[in-house]
Amino acid sequence: MVTPWGVIEGDVLIVEGRIRAIGKGLPAEGAKVIDATNKLVLPGAVDEHVHMREPGLLHKDDFTHGTMAAAAGGVTTVGEMPNTLPPVKNKEILEEKARLLSSKAYVDFGLWGVLTKGNAADVEEMITAGAVGVKAFLGPTTGNIPPPSNQDMLAALEVSARLWFPIAIHGEDAEIVDYYMRKMKAAGRDDPAVWPEARPPEAEEAAAWLAYSLAKASGGWIHIVHIGAAEVLDALAKAAAEGVNLTGETCPHYLILDIEDYSRYGNAMKVNPPVRGGRHREELMEAVKSGLIEVVASDHAPHAAEEKNRPVWEAASGFSGTQTLYPSMIDLALRGELGIEDVVRLVAESPAKVLGLWPMKGGIMPGADGDIAIVDPRGETVVTEEWFRSRSKITPFMGWKFRGSIEYTILRGIVVYDRGEIVSGPVGKHVKPVRE
Ligand code: DOR
Ligand code: ZN
């Protein structure tokens with residue numbers, strides 16, 4: 001099993017939903033026993049970045065299927081993003097969303113609020129009501145939520161400095177994106193590979209430096225999500241060296257896919273920010289190894305098939321990813337590109353810390369919730385429509401084979417997923433951060 005203290009062999013004893021003990025030869029009288037001999041026992045993944053579309057966007061997907069997909073992929077906690085309808089811009093909407101989703105969740109979930117134009121004054125109430133943080137969409141994407149002004153950002157960052165929570169940003173400069181989108185359209189480009197040119201790495205670079213400056217000025221915490229450009233790394237490194245609170249997340253697609261893949265997968269891999277491949281992929285991989293980028297999350301963003309199967313300029317951005325998050329990262333470990341402990345740090349421990357849920361979530365240790373994924377390292381995960389629980393079956397990884405197979409997903413001691421089947425009811429709960 002992979003614990004915060006390293007890889008050890010032994011048992012995990014879960015009592016009343018929590019890990020009571022880890023070690024060899026633990027008593028099991030009266031307990032349900034799962035034999036995990038020769039298996040990898042990992043903490044359930046904490047996918048800090050998902051868009052499950054409920055409420056308001058049910059033609060894309062819903063929370064029931066999204067959280068079943070999470071469970072089938074070894075994810076036991078998700079951080080649900082706020083670009084649903086209505087956008088989560090105040091405490092009342094947040095609490096209503098928590099109530100609605102509670103009866104549908106197959107895994108535990110935290111909720112992000114939104115920071116948009118004009119609602120900075122609502123941030124504190126959302127946080128004290130239990131939001132894991134707030135998200136600001138600096139660049140245009142699904143939902144077209146207006147970006148906050150720099151002044152809105154600073155006001156919210158001062159609350160972050162006081163109460164300590166992340167302000168997640170979608171880090172693309174809106175004007176740079178707008179300029180190159182128009183330029184590429186006018187040039188008559190219509191191939192999916194235009195996307196990384198229409199949203200160039202400098203759009204991410206500009207947003208990252210702005211984030212650096214705002215975090216530095218205010219003392220608050222900005223977390224740049226779904227980093228797709230190597231240019232962002234300089235800002236992260238400078239911030240780290242100076243003690244500025246700027247952290248980062250990337251996603252499996254930025255670590256695995258390449259520019260040639262656009263000719264194979266087309267708009268299935270259209271996502272914001274775009275997949276760029278090449279030196280970006282290599283440098284992002286180095287950054288997750290070194291810890292400069294702390295988190296890998298899915299940016300699970302399902303859409304209806306008719307929204308994806310359109311010409312590149314009109315096609316929706318994003319694809320279903322929560323179910324392939326752990327399998328794709330475990331595959332990298334089993335191929336020797338990353339250590340299994342790196343994978344656990346990136347996909348469970350660090351995101352639990354970002355969401356304020358550590359040490360309850362993200363680690364196999366006494367006192368933590370009994371959230372476990374059991375993986376057969378000799379097995380194989382074949383990505384098929386039948387295996388895929390999300391209602392939206394579009395992903396560039398359809399048909400891929402990953403090394404390793406997730407056999408069980410256990411949430412607070414309850415087996416939710418057992419070798420291909422969801423075997424529990426919707427036992428997930430809304431979880432709130434505990435921050436000091
Ligand atoms: O491609 C994306 N899709 N990027 C985002 O930032 C949002 C997401 C969505 O909600 O569809
Ligand atoms: Zn997202």
Side-chain angles (χ1 to χ4, degrees), residues 47-63 66 69-70 78-88 97 109-116 132-147 166-174 177 181 192 195-196 198-199 203-204 207 223-229 232 248-254 257 262 265-276 295-308 310 312-322 325 351 354-355 390-392 394-396:
D47 189 352
E48 69 172 19
H49 188 157
V50 302
H51 304 264
M52 301 260 181
R53 309 307 194 193
E54 194 163 352
L57 297 162
L58 296 177
H59 64 288
K60 296 181 188 287
D61 209 342
D62 57 50
F63 206 64
V78 294
E80 159 67 10
M81 284 294 173
N83 56 336
T84 37
L85 288 178
V88 182
K97 186 170 177 179
F109 65 98
L111 291 180
W112 291 90
V114 77
L115 171 62
T116 180
V132 293
V134 292
K135 164 105 177 259
F137 294 86
L138 300 190
T141 193
T142 307
N144 286 321
I145 293 179
I167 298 187
I169 63 160
H170 178 119
E172 289 182 288
D173 180 273
V177 166
M181 290 253 240
W195 206 238
R199 305 176 74 115
E204 288 192 59
H223 187 51
I224 308 177
V225 294
H226 49 44
I227 296 171
V232 173
E249 168 209 280
T250 189
C251 314
H253 37 279
Y254 303 118
L257 298 176
Y262 282 100
Y265 308 120
N267 290 333
M269 66 184 274
K270 183 189 177 198
V271 61
N272 299 328
V275 171
R276 307 176 192 285
V295 173
V296 176
S298 72
D299 193 16
H300 177 78
H303 294 283
E306 57 274 20
E307 296 171 306
K308 286 295 278 179
R310 289 178 187 159
V312 63
W313 297 109
E314 286 98 55
S317 295
F319 54 85
S320 305
T322 193
L325 170 66
V354 170
L355 299 184
S390 178
R391 272 173 50 222
S392 170
I394 296 177
T395 159

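In each ligand, atom 1 is the first atom listed, and ligand 1 is the first ligand listed.
Pairing each heavy atom of Trp195 with each of Val271, the nearest pair is NE1-O, 3.3 Å. Smallest separation of non-hydrogen atoms from Asn267 and Lys308: O-NZ, 2.8 Å. The nearest pair of heavy atoms linking Gly66 to Thr322 is O-CG2, 3.9 Å. The nearest pair of heavy atoms linking Leu355 to Trp112 is CD2-CZ2, 3.6 Å. Heavy atoms only, all atoms of each residue included: Tyr254 and Ile227 are closest at CD1-O, 3.4 Å.
Using modelled atom types, one finds no donor on one side chain facing an acceptor on the other under 3.5 Å when comparing Ser392 with Asp61.
For Met81, no heavy-atom contact with ligand 1 is shorter than 4.0 Å. The proximity of Asn272 to ligand 1, defined as any non-hydrogen pair under 4.0 Å, involves the side chain as well as the backbone. Residue-level proximity to ligand 1 for Arg53 is carried by the side chain, the only part with a heavy atom below 4.0 angstrom.
For the ring pair (Phe, Tyr, Trp, His ring centres under 6.0 Å) test with Phe319, the passing option among His303, His253, His300 is His253; the others fail.
To the nearest 0.5 Å, atoms OG1 (Thr142) and CZ (Arg53) are separated by 5.5 Å.
A search for side chain to side chain donor-acceptor pair (under 3.5 Å) contacts involving His49 returns His51, Glu249, Asp299, not counting sequence neighbours. With sequence neighbours excluded, no residue forms a salt bridge (Lys or Arg N to Asp or Glu O under 4.0 Å) with Lys270. Residues meeting the side chain to side chain donor-acceptor pair (under 3.5 Å) test with His226, sequence neighbours left out: His170.
In terms of protein heavy-atom proximity, atom 9 (C) of ligand 1 is nearest to Thr142 OG1, 3.2 Å. Taking atom 5 (C) of ligand 1 as the reference point, the nearest protein heavy-atom neighbour is Thr141 OG1, 3.3 Å. Protein heavy atom nearest atom 6 (O) of ligand 1, with residue, atom name and distance: His170 ND1, 3.0 Å.
Taking every non-hydrogen atom of Ala301 and a distance limit under 4.0 Å, the qualifying atoms of ligand 1 come out as 3 (N), 8 (C), 9 (C), 11 (O). Contact atoms of ligand 1 toward Ser317: 1 (O), 2 (C), 3 (N), 11 (O) (distance under 4.0 Å to a heavy atom of the residue). Close approach of ligand 1 to Asp299 (heavy-atom distance below 4.0 Å) involves ligand atoms 4 (N). Below 4.0 Å from some heavy atom of Gly318 lie the following atoms of ligand 1, by number and element: 1 (O), 3 (N).
On a distance-only criterion, His303 and ligand 1 share at least one N/O pair closer than 3.5 Å.
For the Zn ion (ligand 2), protein N, O or S atoms closer than 2.8 Å were enumerated as His49 NE2, His51 NE2, Asp299 OD1, with waters left out.
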